[in-house]
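As the structure is a computational prediction, the values presented were derived from the model and not from experiment. Lettering follows sequence order; numbering is per chain, from 1.
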Amino acid sequence: MKIATWNVNSLRVRLPHLLDWLAAAQPDVACLQETKTEDANFPVAEIQAAGYQAVYCGQKSYNGVAILARSPLTEVQHGIPDFPDDPKRVIAATVNGVRILNLYAPNGQEPGSDKYAYKLRWYQGLTSWLRAHLHQQPHLAVLGDLNIAPEPRDVHNPKRWEGKIHFSEPERAAFREVLNVGVKDAFRLFDQPEKQFTWWDYRLKAFERGWGLRIDHILLSPALVPKCTACTIDLEPRKRERPSDHAPVVANLN
DNA sequence: ATGGCGCGCGCAGCGCGA
């Protein structure tokens, strides 16, 4: 089973890219973030024609998540239980016995801001939920735009980014707390080339210059780790005209 | 690297993302 995550930055604008990418990459499960689409406008027909079922929760302009799958999606859950928040950042479902958590973590704006405090609170809520959920669902995969670069090697210029949003120490600590629940970063299960990123600023030709961050992740529970045979970043969609600023991350599970 | 981009909304220019 191939599972993937991609922040599409508007599903409406990126639908042609998404359909081409589904055909090329052939994921069995695709978690999307920043759909920016109300449920009534979700492109169900196009997604079905591509061979996928979908569950989704979105809103106008901001946020929005969806899970696409070639097999039935069951036990669909919205939001983080016990975290009073409704900006359409979390959707979960079970596919082929694997519990899929699709997350769009808050951006955080900048350290010290209200949005930053909210991001850290959101991560506390996430960690508590994960701890409980992992006990109930041992075959658990967490995918999404987690908006944190966990280590210096996940940032093109760690000195430049130290203390900045996505790479501040409290954020990295929050990410470590997630890992401490018992999940592993699928990308780091394997030897990887240097300078592997999933997001590049639209400005200043950041993609061409390799100025990126690795902030989109796939985390696997202990039961899934031995089943994982590969985890890669797919740069092809980012090379297109009018791309999303994020690249998809893909993991193969036996 | 930091003004510089791209999105939605809605019809001008702003809020937001990362």
Side-chain angles (χ1 to χ4, degrees), chain A residues 5-18 21 31-43 56-66 85-90 102-123 126 143-172 174-175 187 194-217 233 235 237-249:
Chain A
T5 177
W6 189 16
N7 180 323
V8 292
N9 186 16
S10 172
L11 182 54
R12 187 182 63 82
V13 172
R14 228 66 65 192
L15 186 59
H17 292 209
L18 174 66
W21 173 73
C31 295
L32 310 180
Q33 303 87 36
E34 283 207 83
T35 55
K36 300 184 179 179
T37 304
E38 289 179 306
D39 292 348
N41 300 327
F42 196 87
Y56 40 86
C57 66
Q59 65 190 78
K60 201 184 280 189
S61 304
Y62 308 110
N63 313 316
V65 285
D85 186 38
D86 188 39
K88 313 300 185 192
R89 297 182 174 279
V90 177
N102 178 16
L103 310 177
Y104 174 49
N107 171 292
Q109 197 174 48
E110 63 176 334
S113 66
D114 289 348
K115 289 176 182 175
Y116 184 77
Y118 163 65
K119 181 177 192 173
L120 295 179
R121 277 203 313 280
W122 186 89
Y123 259 91
L126 170 66
L143 303 91
D145 176 358
L146 299 186
N147 264 324
I148 296 176
E151 298 178 53
R153 59 181 168 167
D154 300 315
V155 176
H156 71 94
N157 182 346
K159 264 188 202 162
R160 179 70 185 80
W161 279 89
E162 183 62 51
K164 299 291 194 298
I165 198 63
H166 309 299
F167 193 58
S168 67
E169 177 48 32
E171 288 169 280
R172 283 181 276 166
F175 195 92
F187 190 72
E194 289 186 1
K195 307 281 185 188
Q196 296 292 292
F197 308 122
T198 65
W199 172 85
W200 304 259
D201 200 306
Y202 283 120
R203 294 168 288 189
L204 302 174
K205 300 188 186 299
F207 180 67
E208 290 87 334
R209 290 170 163 166
W211 293 342
L213 305 177
R214 193 175 71 93
I215 55 176
D216 300 85
H217 303 288
I233 298 164
L235 298 178
R238 188 63 175 82
K239 297 175 181 171
R240 293 185 55 161
E241 292 292 316
R242 284 189 90 188
S244 166
D245 42 358
H246 294 253
V249 184

A/Glu194: salt bridge (Lys or Arg N to Asp or Glu O under 4.0 Å) partners, not counting sequence neighbours: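 Not a single residue meets the salt bridge (Lys or Arg N to Asp or Glu O under 4.0 Å) criterion with A/Glu194.
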My understanding is that only residues two or more places apart in sequence, or in another chain, count here; which of them pass salt bridge (Lys or Arg N to Asp or Glu O under 4.0 Å) with A/Arg172?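 A/Arg172: salt bridge (Lys or Arg N to Asp or Glu O under 4.0 Å) contacts with A/Glu162, A/Glu169.
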Please name all residues satisfying ring-ring contact (aromatic ring centres under 6.0 Å, His included) with [X], sequence neighbours left out, ordered by chain then number.
X        : answer
A/Tyr56  : A/Phe42
A/Phe167 : none
A/Phe197 : none

In residues 199-215 of chain A, which residues come under 4.0 Å of DNA chain B by heavy atom?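 When residues 199-215 of chain A is checked for heavy atoms under 4.0 Å from DNA chain B, the hits, listed by number, are A/Trp199, A/Asp201, A/Tyr202, A/Arg203, A/Leu204, A/Trp211, A/Ile215.
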Which residues, if any, of residues 146-159 of chain A bring a heavy atom under 4.0 Å of DNA chain B?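 Nucleic-acid contacts, sorted: A/Asn147, A/His156, A/Asn157.
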Rounding to an integer number of Å, can you tell me how far A/Asp245 CG sits from B/dC16 P?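 My rounded result for the distance is 17 Å.
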Between B/dG17 atom C1' and A/Glu171 atom CD, what is the distance in whole Å?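 Atom-to-atom, A/Glu171 to B/dG17, this comes out as 14 Å.
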Protein-nucleic acid N or O pairs under 3.5 Å, nucleotides 9-12 of chain B:
none

Consider the side chain of A/Val13, meaning its heavy atoms from C-beta on, and name the nucleotide among B/dC16, B/dA18, B/dC7 that approaches it most closely.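 The nucleotide sitting nearest to the side chain is B/dC7.
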Could you spell out the base pairing of DNA chain B as a dot-bracket line? Use Watson-Crick and G-U wobble contacts where both distances are under 3.5 Å, [ ] for crossing pairs, | for partners on a different strand. ....(((((...))))).
Contacts of A/Lys60 that satisfy side chain to side chain contact (heavy atoms under 4.5 Å, CB included) - sequence neighbours left out: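 Counting only residues at least two positions away or on another chain, A/Lys60 forms a side chain to side chain contact (heavy atoms under 4.5 Å, CB included) with A/Glu38.
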Which pairs count as salt bridge (Lys or Arg N to Asp or Glu O under 4.0 Å) when at least one residue sits in residues 145-154 of chain A, sequence neighbours excluded?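 Qualifying pairs: A/Glu151-A/Arg153, A/Asp154-A/Arg188, A/Asp154-A/Arg214.
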Salt bridge (Lys or Arg N to Asp or Glu O under 4.0 Å): which pairs involve residues 102-123 of chain A, sequence neighbours left out?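 Checked against salt bridge (Lys or Arg N to Asp or Glu O under 4.0 Å) - neighbours excluded - the pairs reaching residues 102-123 of chain A are A/Lys119-A/Glu171.
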